[in-house]
Number of protein chains: 4
Amino acid sequence: MSSKKQGIILISREVIHSKGYQATSVSDIMEAAKIGKGQFYHYFQSKHDLGLAVVEDLVKDWEEQLIIGILNTSNDPVTKLQRMLQWAETSHAEMEIKYGCAMGNLAIEMSTQDEEFRIKINEFFNHWINSVADILTEMMENHQLDQSINPKKDAESIVAMIEGGILLMVSQQNIQVLRDIFEVIIQKYHLD
Amino acid sequence: MSSKKQGIILISREVIHSKGYQATSVSDIMEAAKIGKGQFYHYFQSKHDLGLAVVEDLVKDWEEQLIIGILNTSNDPVTKLQRMLQWAETSHAEMEIKYGCAMGNLAIEMSTQDEEFRIKINEFFNHWINSVADILTEMMENHQLDQSINPKKDAESIVAMIEGGILLMVSQQNIQVLRDIFEVIIQKYHLD
Amino acid sequence: MSSKKQGIILISREVIHSKGYQATSVSDIMEAAKIGKGQFYHYFQSKHDLGLAVVEDLVKDWEEQLIIGILNTSNDPVTKLQRMLQWAETSHAEMEIKYGCAMGNLAIEMSTQDEEFRIKINEFFNHWINSVADILTEMMENHQLDQSINPKKDAESIVAMIEGGILLMVSQQNIQVLRDIFEVIIQKYHLD
Amino acid sequence: MSSKKQGIILISREVIHSKGYQATSVSDIMEAAKIGKGQFYHYFQSKHDLGLAVVEDLVKDWEEQLIIGILNTSNDPVTKLQRMLQWAETSHAEMEIKYGCAMGNLAIEMSTQDEEFRIKINEFFNHWINSVADILTEMMENHQLDQSINPKKDAESIVAMIEGGILLMVSQQNIQVLRDIFEVIIQKYHLD
DNA sequence: CATGAATGAGGTTTCATTCAT
DNA sequence: TATGAATGAAACCTCATTCAT
């Protein structure tokens, strides 16, 4: 893919993250990327097409950073979960407290309107949940967790807490609520 | 307030829930409510004004149903939390699995764009969290929960799990993930 | 129908006649009709919608003028055909020599691209052909024509000559060719 | 002329015949001809330039096929007119019933808008009319036609009937009307 | 209260053409 | 020759809002 196209996608990710997909106009993107109308439609067939490219790019990044770079490494499971929380809190801190989770926002805004968006986003969430579930299973096998844990369900609840926590953080415009929730996770799964 | 205005608000709640605020046009609402341009602008100064009325109405309803009708009653705390989960799962089941949480969606779509929306929505979430925290405190005093619980933080995590769970449910288009998460809540807080 | 809408249709008929449907932009019409964008789309759902309204209006007018006002009257058949030729030559003379037949042009430009246009235009041509065929039949019964005439086929050939004659007139930018062709018709059917 | 350019012209003839000149975009042609932007503008200065090349090519072909190959041969006049009708009906039958006469369409769409197009197209029609007039003169000299015939005017009416007949055929989407009209021609000029 | 005509900015997209390589 | 990136005017259409009745 041309680096120009990639550049437009990256800038669009920021714009769409901060304004939402619907509220972002093609003109907004043209302006931010300093390109002309025709140039945009040279690289993308439509705004929808760009939206999908943005989701794909976001998913690819997060798969690399979170799934591959943190959760599926050979580190010990406690470290992996700790780093996941760290990543969730700090990696895009400034943007997130203001605008929320780039993935979660698109999930809510677009999953309900467009099946293509939904499927791409859902794949990522499933990977995330499954990776966490594997780690929880590993911890149970290591007797680091008691037997009341159900890896799949607990993994789902952890991801839900992170996404829901970011939602509350945006609503309160205060990072403390997210930290509180992470403490609850840390305590339950002995991540300290 | 005139019942006509109230009727428009109710219909708008549905339309905005299913399409999102931005994607909902004034015409969409006029059509759904079977009113003309003049009617709409007689009752509301602007689309923004309607949006705020919709949020207020939503908050009022949920305060009544959830905060007053369930959480702040004199029932025993376990029953109250059980009913909260029940309410979250069943009260608007069909719409929610398709379109997600009416409140959470607006939180994500509008809190980041408009301070007025944010404050109204945040008040509700704070009430919710505080009410749940009170119940958890009550349970601790009753020795129904061990001392590792922090009422405020656990309340935040519970609300986060519900909102995040609905997000995952929409993404998967499957209610099971929400039920899984509720099981995790039930087990941790001995709600069975 | 509002007279404003009717006014827009009338002006559009002229613009579309002179530029063709495809080459006519909504802005062209807005400008000619001195209305704003929103006004246009208040009266018409789309440019296509306007196109159909223009065809309908054109058909209605011609049905009244030609079919009802000339061909289906109780005049004697010769007079009726004479008046038809007169009407074809003079009624919209200035526009026609420059831009051709408003109906024929749309037939060629739009019938091939859009079934709705085709059907509306075709109905008019069929009425025309049938009315001429009836007159030819009447003339045969009156022994004003010899028996080698086939009313239906001769009617088709007469309409074809008029439409084809206008085409040649536009191509030559000279009305003489049309008059030549009318002379041939006059002679064959003894209309002098 | 390079055969590449000739190839583009041929493909453009088809595309323009089926969509019309205005509705055909340069991209449509690039796609159909499987060439890039640069290629197109290497061979043609503009879309207008291509349009003229298409008309010239069409005229050249038809001059060869119809004027030289049929009408100006040394065959007997009846045979020549018979073959002309045959050519008009069968040579491009499938395209014509759907999209009409390639020449007549351009005459109507472009003659009114562009003098260069008009002149080129008109030259062809004049050649056609003159060739038919010569044949009719020949037939009169042979006493194959009575003296009521005026070669020039009858030739014009014959060409008009063919072009108008194709117009009606497209409008009706039925070849029968064209055959009917040809029967009228055949009978009048004793071509059977 | 109510209607719906009017406004015009701005939405997404297409187009013919030019430029850099 | 050839590619396809770049340009910007203009296409069709929607929108929130105001105005006249």
Side-chain angles (χ1 to χ4, degrees), chain A residues 2-5 7-8 21-31 33-51, chain B residues 2 4-5 8 21-31 33-51, chain C residues 2-5 7-8 21-31 33-51, chain D residues 2 4-5 8 21-31 33-51:
Chain A
S2 87
S3 69
K4 185 76 181 251
K5 180 172 182 177
I8 298 173
Y21 174 81
Q22 300 268 11
T24 299
S25 73
V26 173
S27 299
D28 290 335
I29 284 158
M30 279 162 43
E31 213 169 314
K34 284 173 193 132
I35 55 171
K37 280 245 145 98
Q39 205 41 228
F40 178 88
Y41 284 94
H42 177 67
Y43 289 110
F44 304 96
Q45 290 188 299
S46 63
K47 185 187 169 187
H48 185 255
D49 191 31
L50 169 74
Chain B
S2 88
K4 185 83 179 243
K5 180 171 183 179
I8 298 173
Y21 174 80
Q22 300 269 8
T24 298
S25 71
V26 173
S27 296
D28 288 335
I29 283 157
M30 279 162 42
E31 208 171 322
K34 284 171 193 134
I35 55 170
K37 283 257 140 102
Q39 284 267 43
F40 181 88
Y41 282 96
H42 173 68
Y43 289 113
F44 304 97
Q45 289 189 300
S46 64
K47 184 187 170 187
H48 185 254
D49 191 31
L50 169 75
Chain C
S2 87
S3 70
K4 184 76 180 253
K5 181 172 182 177
I8 297 174
Y21 174 80
Q22 299 270 9
T24 298
S25 73
V26 173
S27 298
D28 289 336
I29 284 158
M30 280 162 42
E31 214 169 315
K34 283 173 193 133
I35 55 170
K37 279 247 147 99
Q39 205 42 226
F40 178 88
Y41 285 97
H42 177 68
Y43 289 110
F44 304 95
Q45 290 189 299
S46 63
K47 185 187 169 187
H48 184 255
D49 190 32
L50 168 74
Chain D
S2 87
K4 184 83 180 243
K5 180 171 183 179
I8 298 173
Y21 174 81
Q22 299 269 11
T24 298
S25 72
V26 174
S27 296
D28 288 337
I29 282 157
M30 279 162 41
E31 207 171 322
K34 284 174 194 134
I35 56 170
K37 283 257 140 103
Q39 284 266 44
F40 181 88
Y41 282 96
H42 173 69
Y43 290 113
F44 304 96
Q45 289 189 299
S46 64
K47 185 186 170 186
H48 185 254
D49 191 32
L50 169 74

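Each chain gets a letter, A, B and so on, in the order the sequences are listed, and its residues count up from 1.
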Which of E/dT12, F/dT14, E/dT18 is nearest the side chain of A/Ser27? It is E/dT12
Rounded to whole Å, the CZ-P distance (B/Phe44 to E/dA2) equals 13 Å
Testing E/dT17, F/dT7, E/dG10 for proximity to the side chain of D/Tyr41, the answer is E/dT17
In whole angstroms, the gap separating P of E/dT14 from CD1 of D/Ile29 amounts to 17 Å
Please lay out, stage by stage, how A/Tyr43 and A/Ile35 fare under the test side-chain contact (heavy atoms from CB on, under 4.5 Å).
CA-CA 11 Å; A/Tyr43 289 110; A/Ile35 55 171; 5.8 Å; no
Of F/dC12, E/dT17, E/dT12, the nucleotide closest to the side chain of C/Lys47 is F/dC12
* For D/Phe40, which contact category applies under a 4.0 Å heavy-atom criterion: base, sugar-phosphate, or nothing? -> nothing
Judged by nearest nucleotide, the residue sitting upstream toward the 5' end of DNA chain F, B/Tyr21 or C/Thr24, is C/Thr24
Rounded to whole Å, the CD-P distance (A/Gln45 to E/dT14) equals 9 Å
- Query: When the P atoms of E/dC1 and F/dT21 are considered, how many whole Å apart are they?
  - Reply: 23 Å
Strictly below 4.0 Å: does B/Gln39 bring a side-chain N or O up to OP1 or OP2 of E/dT3?
yes
Margin query: At less than 3.5 Å, do the side-chain atoms of A/Lys37 and the base atoms of E/dT14 form a donor-acceptor pair?
Written below: no
Result for 5'-nearest mapping on DNA chain E, choosing between B/His42 and A/Ser25, is B/His42
Here the distance between atom P of F/dC15 and atom CG of B/Leu50, to the nearest Å, is 15 Å
In whole angstroms, the gap separating P of E/dG10 from CD of A/Gln22 amounts to 19 Å
To the nearest angstrom, the NZ-P distance between A/Lys5 and F/dA6 comes to 13 Å
Rounding to 0.5 Å, atoms CD1 (D/Ile29) and CD1 (D/Ile8) come to a distance of 9.5 Å
Rounding to 0.5 Å, atoms NZ (D/Lys4) and CD (D/Gln39) come to a distance of 4.0 Å
(message) On the six-membered ring of B/Tyr21, is B/Lys47 placed so that its NZ or CZ lies under 6.0 angstrom from the centre and within 45° of the ring axis?
(response) yes
Here the distance between atom P of F/dC15 and atom CE of B/Met30, to the nearest Å, is 11 Å
A/Val26 has its side chain closest, among E/dT3, E/dT13, F/dT1, to E/dT13
B/Val26 and B/Phe44, any side-chain heavy atoms less than 4.5 Å apart: no
Paired runs of 3 or more consecutive Watson-Crick or G-U pairs involving DNA chain E, with both pairing distances under 3.5 Å, are E:2-21 with F:2-21
In this structure, OG of A/Ser25 is separated from CD of A/Glu31 (nearest 0.5 Å) by 8.0 Å
For C/Tyr43 and E/dG4, is the shortest distance between a side-chain N/O and OP1 or OP2 below 4.0 Å? no
B/Ile8 CD1 to E/dC1 P, in whole Å, measures 11 Å
